[in-house]
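Each remark here refers to the structure printed beneath this line.
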Amino acid sequence: MALAMEISTMAQAMQLHARLLKSGQEDPTHFQNLSKLFTFSALSPSGDLTHARHILTNLRTPNSYYYNTMIRAYSDSPDPARSITLFLSMHCRREEQHGVVVPGPDKFTYPFVLKACSKLRNTQMGKQIHGLILKSGLISDRYVNNALIHMYAGCGDSGLALKVFDEMSERDVVSWTSMIDGFVDNNRPIEAIKLFELMMESGVDPNEATLVSVLRGCADTGALSIGKKVHSFVKEKDLSMKANVGTALIDMYAKCGCIDDARRVFDETMDKDVYAWTAMISGLASHGLSEEAMEHFELMKSCNVKPDERTMTAVLSACRNAGWIGKGLYHIRSMKKYKLRPTIQHYGCIVDTFVRAGQLDEAEQFIRKMMPIDPDVVLWRTLLWGCKVHGDVERSKRLLKDVELLKMDSRDCGSYILLGNVYAATGNWKEKAKMRELMNQRELVKTPGSSRIEIDGNVHEFTAGDSRHVEAEHIYAKLNEMEENVRREGYDPKVSEVLLEIDDDEKASQLLHHSEKLAVSFGLIKTDPGTAIRIVKNLRSCEDCHSFMKLISKLYQREIIIRDRIRYHHFKDGECSCGDRW
DNA sequence: TTAGGGTTAG
């Protein structure tokens, strides 16, 4: 016991360990202490992995617990590759220093090393380890399978993740959650929501993690009614107080256009941390409520919650949406105070603020002279987009020469398309044609715009020019009919009747979604603003949509709210709250 | 042992 009390620092432990090794004595108390110290240094957030590794290296008879714990610690560290290296030494039963034989991997080893593969997005290694698991006979282990799902999804292959999930004989809540989360992370939120529903039908009780994942899926698709159902579930189970679920709810409501509900959840959330505050600030900012967003930021600081990089992005985007250049500059400078280093996103917000205010000179100077880091394609594209909007042909020509956007990221179709548009705006049709040709040569497929809409709890997804939806024929027929009406008579109020008819007969027809046709927006007229927001959320041709909404709000004398990529637009009597900068 | 909240632009 005396010995146990003695060992309280790593140095003492090392010393004693060396002494004991030398004398050949083995004191069980000592090893118990060493094990405790090892676990502490490997697993506590303040732990020192070099110490833990040192202990492991010097053990005479290391058991798999030590190795597994070390692999686990490495997989959570900033350098997960070490986790794989150590795993390989276990796999090869490689002898470490002092002739110590390394234990082989067991069912605890695999989940940790798979996590490292996921973090490194190393599918190849993940697949090889999957092979080893098959050979080892551990493939029926639930934990191992759950980790495999997570690994494949984390590496961007939700198909393989689903294969593992499907082939599992016994699934638990973690299996379901990992798969749901994997779908969300791989931009398949509709499948995520469907799987969640299937999970409920199967009688598996979701936990907080599941709810958080499915709420993220709802936020991505605008699936408000499912989000609301989840919220009721949260209330029933009395989970709403938890900050993680609260944050997911705030984000979901804000992204579905229900800022009041977001505020309500925020007020109910106990122990608001930086995540919850950031979700609220960013939601307010995207709803054009910049003043309130800044008030929340001040309030957050007065509650002793320190902002992080993401909070600052939300704050800067509030400044951007309000057109506050001075404030934006003030806040990006203030980041130093919080020991935060501005990233390209933060600088991007500032450049965008200049661009939106039409201060293209300032924007360019800022990129060239004020930024301590190299600008990326997105930044140059923001400026180029500004040239197009503000008709600064000379600058765009100069930028095209100087910046060589295409070389910076030759796989990014957005640049080609924007450049093509700029050339077209300057009347340079030859160059525009060249862009198209270049895209073809490099075999770039134009990423189509896509949007999703929820009807009666089902989320439908559409891709521009896509005709795979089961009701596609009807939908496109109606779209064409409406488009014809518009073309013939300007705006035709009969359109709303057509829509009502569609609404009664076939629900699917609300899914008027995007093609880059104006007709897209018609579906909003007889639906609530929340639906309107959700439909146009991903619209590409915002300019068309914007002018169309002005027309509709005037004709129908009602308020319409839509959201483009940056903010919400409130149309009243044909005027938009954003000051109509289109 | 495994899963889990907030960011911009396009």
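Please read all numbers here as calculations on a predicted model, not as lab measurements. Lettering of chains follows the sequences in order, A, B, ..., and the numbering in each one begins at 1. When reading the values below, keep in mind they use all heavy atoms of this one structure, side chains included, and skip hydrogens, waters and symmetry mates.
- Residue A:V212 is classed as a sugar-phosphate contact, given heavy-atom separations below 4.0 Å to backbone atoms only.
- Here the side chain of A:S178 is nearest to one of B:dG4, B:dT1, B:dA3, namely B:dA3.
- Atom-to-atom, NE2 of A:H346 to C1' of B:dA9 comes out at 13 Å; the value is rounded to the nearest Å.
- Rounded to whole Å, atom P of B:dT1 lies 7 Å from atom CZ of A:F108.
- Between A:W176 and A:F165, the ring-plane angle classifies as perpendicular under the 30° and 60° cut-offs.
- The base of B:dG6 is not paired with the side chain of A:D273 by any donor and acceptor separated by under 3.5 Å.
- For the pair A:K119 NZ and B:dA3 C1', the computed distance is 13 Å after rounding to whole Å.
- Atom CD of A:Q345 is separated from atom P of B:dG10 by 14 Å (rounded to the nearest Å).
- The side chain of A:V274 approaches B:dG6 more closely than any other nucleotide in the set B:dA3, B:dG6, B:dT2.
- Listed nucleotides: B:dA3, B:dT8, B:dG6. Nearest to the side chain of A:T278: B:dG6.
- Within the structure, every side-chain polar atom (N or O) of A:H150 is placed at least 4.0 Å from both OP1 and OP2 of B:dT2.
- Residue contacts shown for A:F112 are limited to sugar-phosphate atoms, with no base heavy atom under 4.0 Å away.
- Of the residues in residues 299-315 of chain A, those with a non-hydrogen atom less than 4.0 angstrom from any atom of DNA chain B are A:D308, A:R310, A:T311, A:T313.
- Within the nucleic acid shown, A:K115 comes within 4.0 Å of sugar-phosphate atoms alone, with no base atom in reach, counting heavy atoms only.
- Ion pairing between A:R381 and A:D376 fails under the 4.0 Å rule for side-chain N and carboxylate O.
- The minimum heavy-atom distance linking A:V144 with A:L114 is given by the pair O-CD1, 4.1 Å.
- Remark: A:R142 is not in phosphate contact with B:dT1, judged by side-chain N or O atoms under 4.0 Å from OP1 or OP2.
- When only modelled atom types and interatomic distance are considered, A:T210 and A:T177 share a side-chain donor-acceptor pair under 3.5 Å.
- Applying the 4.0 Å criterion to OP1 and OP2 of B:dG5, one finds that A:K272 has every side-chain N and O outside that range.
- Distance A:N321 CG to B:dT7 P: 14 Å, rounded to the nearest Å.
- In this structure, A:K272 is positioned above the aromatic face of A:F266, its NZ or CZ under 6.0 Å from the six-membered ring centre and within 45° of the axis.
- Closest to the A:S282 side chain, of the nucleotides B:dT7, B:dT1, B:dG4, is B:dT7.
- Each of B:dG4, B:dT8, B:dG6 was ranked by its minimum atom distance to the side chain of A:R320; first place goes to B:dT8.
- Using cut-offs of 30° and 60° on the angle between ring planes, the pair A:Y66 and A:F38 is tilted.
- A:D106 places its CG atom 14 Å from the C1' atom of B:dT2, with the value rounded to the nearest Å.
- Comparing atom distances between the A:A243 side chain and each of B:dA3, B:dG5, B:dT8 picks out B:dG5 as nearest.
- Per the geometry, CG belonging to A:L114 stands 10 Å off P belonging to B:dA3, to the nearest Å.
- Rounded to an integer number of Å, the gap from CG of A:D185 to P of B:dG4 is 8 Å.
- Classification of the A:F366-A:F354 ring pair by plane angle, with boundaries at 30° and 60°, yields tilted.
- The residues A:R264 and A:E268 are annotated as not salt-bridged, no charged nitrogen and carboxylate oxygen being separated by less than 4.0 angstrom.
- In this structure, the nucleotide among B:dG4, B:dG5, B:dG10 sitting nearest to the side chain of A:Y275 is B:dG5.
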